Amino acid sequence: MLAFDTECHLFIPGCGFEAPGLHSFVFEPLFTIGGYEFNKPMLLAFLSTIVVVGFFWAAFGRAKVVPGKLQMIGEAGYDFVRRGLVYDALGKKEGDKYVPFMVSLFFFVWMMNLWSIIPVMAFPVTSVIAFPVGMALIVYVLWMYLTFKKQGFVGGLKNLSGYDKSLGWVLPLIMVLELLQHLIIRPFTHAVRLFANMFAGHLLILLFTIASWYMLNGIGIVYAGASFVMTLVMTAFELFIQAVQAYVFVLLACNYVQGALAEHH
């Protein structure tokens with residue numbers, strides 16, 4: 001289903017511009033399996049898993065000493081996350097055990113973002129807040145688990161609360177603010193940062209796309225051309241933002257893990 005009336009154009013009486021909005025992010029179920037309804041974002045999230053697993057399986061399933069083209073691309077992507085994100089935040093010794101998780105997270109987020117610019121699919125899964133929240137929750141659970149496993153219960157609380165006797169009378173206030181930041185603000189912003197960027201980007205692309213079609217009538221074709229150019233510009237910009245948001249999401253995840261493993265002083 002299209003998000004607008006294809007018969008509606010500028011200068012047609014009683015035919016107004018149908019601006020995109022929240023309704024553009026709500027989808028009816030496509031099918032039902034075992035009582036569970038699957039809509040377009042859910043299907044694209046599942047396809048993202050298939051694409052990422054399929055790509056790395058094809059790239060490394062029969063790895064060779066002298067890599068082929070697909071293996072070279074896979075190694076470049078894997079090495080980018082390993083060295084550019086995990087090792088920079090955690091170091092090689094501590095970071096190696098978290099590389100598979102961070103690589104999977106990066107490419108899963110990126111693939112869910114990429115659907116936005118793929119014809120027919122044309123929707124970023126991460127613009128539905130449930131998906132960023134779910135991934136941020138996984139990172140949050142890992143972060144809390146490592147914090148208390150590494151520091152112990154008391155040490156973990158000190159780590160999260162910023163406990164420092166030298167702060168004197170302001171210590172209670174600092175502890176409350178630090179706990180608020182670590183337990184609520186950080187996981188919240190981790191999810192919302194990804195969601196908000198992809199939501200806004202998709203909304204802008206929709207706006208210019210619908211406007212291009214709406215103004216494609218009579219003299220309005222001049223405005224339609226300008227709007228179409230903006231559609232292309234926003235699509236190219238969105239391609240850049242999609243990669244950046246996947247990078248930032250995993251960078252923050254690495255920083256949270258690093259904070260959990262750091263010794264409290």
Side-chain angles (χ1 to χ4, degrees), residues 1-6 17-31 36-53 55 81 85 102-140 184-214 227-253 256:
M1 297 292 293
L2 293 175
F4 58 96
D5 183 1
T6 57
F17 177 68
E18 296 184 33
L22 292 178
H23 63 277
S24 305
F25 296 83
V26 178
F27 295 88
E28 295 295 326
L30 296 174
F31 54 87
Y36 291 95
E37 296 179 337
F38 286 79
N39 58 17
K40 184 175 181 178
M42 294 171 68
L43 180 60
L44 291 179
F46 177 73
L47 289 177
S48 299
T49 305
I50 299 298
V51 170
V52 172
V53 172
F55 170 76
V81 177
L85 289 168
M102 296 302 178
V103 169
S104 301
L105 189 61
F106 175 85
F107 284 99
F108 184 57
V109 173
W110 193 16
M111 189 65 238
M112 289 200 295
N113 293 346
L114 277 174
W115 292 119
S116 172
I117 61 170
I118 297 177
V120 180
M121 305 304 184
F123 186 79
V125 180
T126 47
S127 65
V128 176
I129 196 169
F131 293 96
V133 166
M135 292 183 293
L137 184 59
I138 292 172
V139 173
Y140 177 76
I184 299 177
I185 296 176
R186 281 193 176 184
F188 175 77
T189 56
H190 194 200
V192 170
R193 181 182 287 104
L194 174 61
F195 157 72
N197 277 279
M198 299 314 301
F199 180 91
H202 185 61
L203 197 63
L204 285 172
I205 290 176
L206 269 181
L207 179 65
F208 287 113
T209 302
I210 297 173
S212 299
W213 182 259
Y214 176 72
S227 182
F228 181 69
V229 169
M230 283 303 302
T231 302
L232 297 178
V233 170
M234 289 304 305
T235 300
F237 183 65
E238 188 71 0
L239 183 61
F240 169 72
I241 294 298
Q242 289 162 356
V244 169
Q245 288 306 311
Y247 179 89
V248 171
F249 192 87
V250 176
L251 176 63
L252 291 172
Y256 297 158

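Note that the numbering runs from 1 along the sequence shown for the chain. Keep in mind it's a predicted model, so treat the numbers as computed, not measured.
- Counting heavy atoms from C-beta outward, I241 and M234 have side chains that stay 4.5 Å or more apart.
- Residues K40 and V125 are not in side-chain contact: their nearest non-hydrogen atoms beyond the backbone lie 4.5 Å or more apart.
- For the pair S116 (side chain) and N113 (backbone), a donor-acceptor distance under 3.5 Å is absent.
- Counting heavy atoms from C-beta on, the side chains of V139 and L105 come closer than 4.5 Å.
- Residues M198 and Q242 form a side-chain contact, since some pair of their non-hydrogen atoms from C-beta on lies under 4.5 Å apart.
- By the 4.5 Å heavy-atom criterion applied to side chains, L194 and M135 are counted as neighbours.
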Chi angles and distances behind the ring pair (Phe, Tyr, Trp, His ring centres under 6.0 Å) call for F106, Y247: CA-CA 7 Å; F106 175 85; Y247 179 89; 7.2 Å; no
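- V81 is listed as a side-chain neighbour of F107, based on a closest heavy-atom distance under 4.5 Å.
- Between T49 and V53, some side-chain heavy-atom pair lies under the 4.5 Å cut-off.
- S24 places no side-chain N or O within 3.5 Å of a backbone atom of P20 that could act as its donor or acceptor partner.
- A donor-acceptor pair under 3.5 Å is absent between the side-chain atoms of N39 and the main chain of P29, judged by distance alone.
- With S127 contributing its side chain and F199 its backbone, the two residues share no donor-acceptor pair below 3.5 Å.
- Checked by atom type and distance alone, the side chain of H202 never pairs as donor or acceptor with a backbone atom of F123 at under 3.5 Å.
- Considering only heavy atoms from C-beta on, Q245 stays 4.5 Å or farther from V109 through its side chain.
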